[in-house]
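Presented below is the structure to which this report refers.
These numbers were taken from a predicted model, which means no experiment stands behind them.
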Amino acid sequence: ISRETNYSKDKNLWHLSHEGLDLEDPANEPQYDKPGFLEMGVSPIQAPDAPTYITLDFEKGWPVAFNGEKMKASDIIRKLNEVGGANGIGLLDIVENRLVGMKDRGVYETPGGTILYRAHEVLEMITIDKDTAHMKSKLAVDFADLVYNGKWFTPLREALSAFAAETQKHVTGTVKLKLYKGNIITAGVTSPETLYSENLVTFEESDYDQKDSQGFINLWGLPDTVQALREQGKLK
């Protein structure tokens, strides 16, 4: 370790963080291609010119298999760290808002976690209803703040975890992803618990009756119609 590479680093199964030295100035570009900087992978520039395809299986929100091979979640993350790092996945340059009041810049390597989150998000798109998905997205910010600020052992965190667990009852299926030079491209998703119906969304003959939309549109827009009539002095 030399002065040029002696960043403050925290490393575990999930990620590796880099802070200090030239990174303290947000105007400085991280030296991703400098030998010795990245430890969990390579930069997108140095990643292979051919894409890598992977599959992830989930059961009730939990990752259970990588490329069709059953294994525990920690081993799946290790596999994803390896394949993700090799393809330049999971680099994040962020200025955080610390609990003590200051802003702090960090550069993170999270190849496995980035892939896992994307795959899970893709599967939720077809297995979770709209209202639940929107509420989960809103509460995710509060959950992240609790964890970041060291409030894991609190009643609110337990309540939010219970909500999250309930949302995962039908998040079961397989996600196929294409990894290419720092990009995660969705290549397919299937689920026995899907809410997606080709018979409803097809542009050909479908089970959806277009006439149903007429009354719905009138009712949905009724409050706006009444307000417009009031503004025009035409409301009776």
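- For the atom pair Thr127 OG1 and Leu195 CG, the distance stands at 7.0 Å (nearest 0.5 Å).
- Annotation: cation-pi pair Lys176/Tyr53 present, NZ/CZ under 6.0 Å from the ring centroid and within 45° of its normal.
- Pairs engaging residues 41-57 under the salt bridge (charged side-chain N to carboxylate O under 4.0 Å, His left out) rule: Asp49-Lys181 [sequence neighbours left out].
- Leu21 and Val107 end up in the same hydrophobic cluster when Ile, Leu, Val, Met, Phe, Trp and Tyr side chains are linked at under 4.5 Å.
- Ring geometry, Phe37 versus His18: the interplanar angle falls under 30°, so the pair is classed parallel (tilted spans 30 to 60°).
- With rounding to the nearest 0.5 Å, the separation of CZ in Arg98 from NZ in Lys103 is 12.0 Å.
- Between the OG atom in Ser161 and the CG atom in Leu139 there is a gap of 11.0 Å [rounded to 0.5 Å].
- Each of Tyr148 and Phe143 belongs to its own hydrophobic cluster when Ile, Leu, Val, Met, Phe, Trp and Tyr are linked at side-chain heavy-atom distances under 4.5 angstrom.
- Heavy-atom contacts from other residues, nucleotides or ligands closer than 6.0 Å to NZ of Lys11 number more than 12.
- Counted within 6.0 Å of CD on Glu231, heavy atoms from surrounding residues, nucleotides or ligands total more than 12; the atom is thus considered enclosed.
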### Query
Should Lys79 and Glu69 be marked as a salt bridge (charged side-chain N to carboxylate O under 4.0 Å, His left out) after you check the CA-CA gap, both sets of side-chain angles, and the distance that decides it?
CA-CA 11 Å; Lys79 291 286 188 180; Glu69 181 182 354; 5.3 Å; no

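- Using a 3.5 Å distance cut-off with no hydrogens or angles, the side chains of Thr114 and Arg118 do not pair a donor with an acceptor.
- Across every non-hydrogen atom of Gly173 and Leu123, the tightest pair is N-CD2, 3.7 Å.
- Rounding to the nearest 0.5 Å gives a distance of 12.0 Å between CG of Asn87 and NZ of Lys178.
- Between Gly182 and Ile89, the shortest heavy-atom distance links the atoms C-CD1, 3.4 Å.
- Here the CD atom belonging to Glu121 is positioned 9.0 Å from the NZ atom belonging to Lys136, to the nearest 0.5 angstrom.
- Distance CG/Asn81 to CD/Glu109: 9.5 Å, rounded to 0.5 Å.
- Counting non-hydrogen atoms of other residues, nucleotides and ligands closer than 6.0 Å to CH2 of Trp14 gives a total above 12.
- Under a cut-off of 6.0 angstrom, the local environment of CD in Glu82 is sparse, with at most 12 non-hydrogen atoms contributed by other residues, nucleotides or ligands.
- Clustering ILVMFWY residues whenever any of their side-chain heavy atoms sit less than 4.5 angstrom apart, transitively, puts Val175 in the very cluster that holds Ile126.
- Hydrophobic clustering of Ile, Leu, Val, Met, Phe, Trp and Tyr side chains at less than 4.5 Å, counting indirect connections, keeps Val42 apart from Leu91.
- Partners of Thr194 according to the side chain to side chain donor-acceptor pair (under 3.5 Å) rule, which considers only residues two or more places apart in sequence or in another chain, do not exist here.
- Within a 6.0 Å sphere centred on CD of Glu198, other residues, nucleotides and ligands contribute 12 heavy atoms or fewer.
- Around atom CG of Leu222, more than 12 heavy atoms belonging to other residues, nucleotides or ligands sit under 6.0 Å away.
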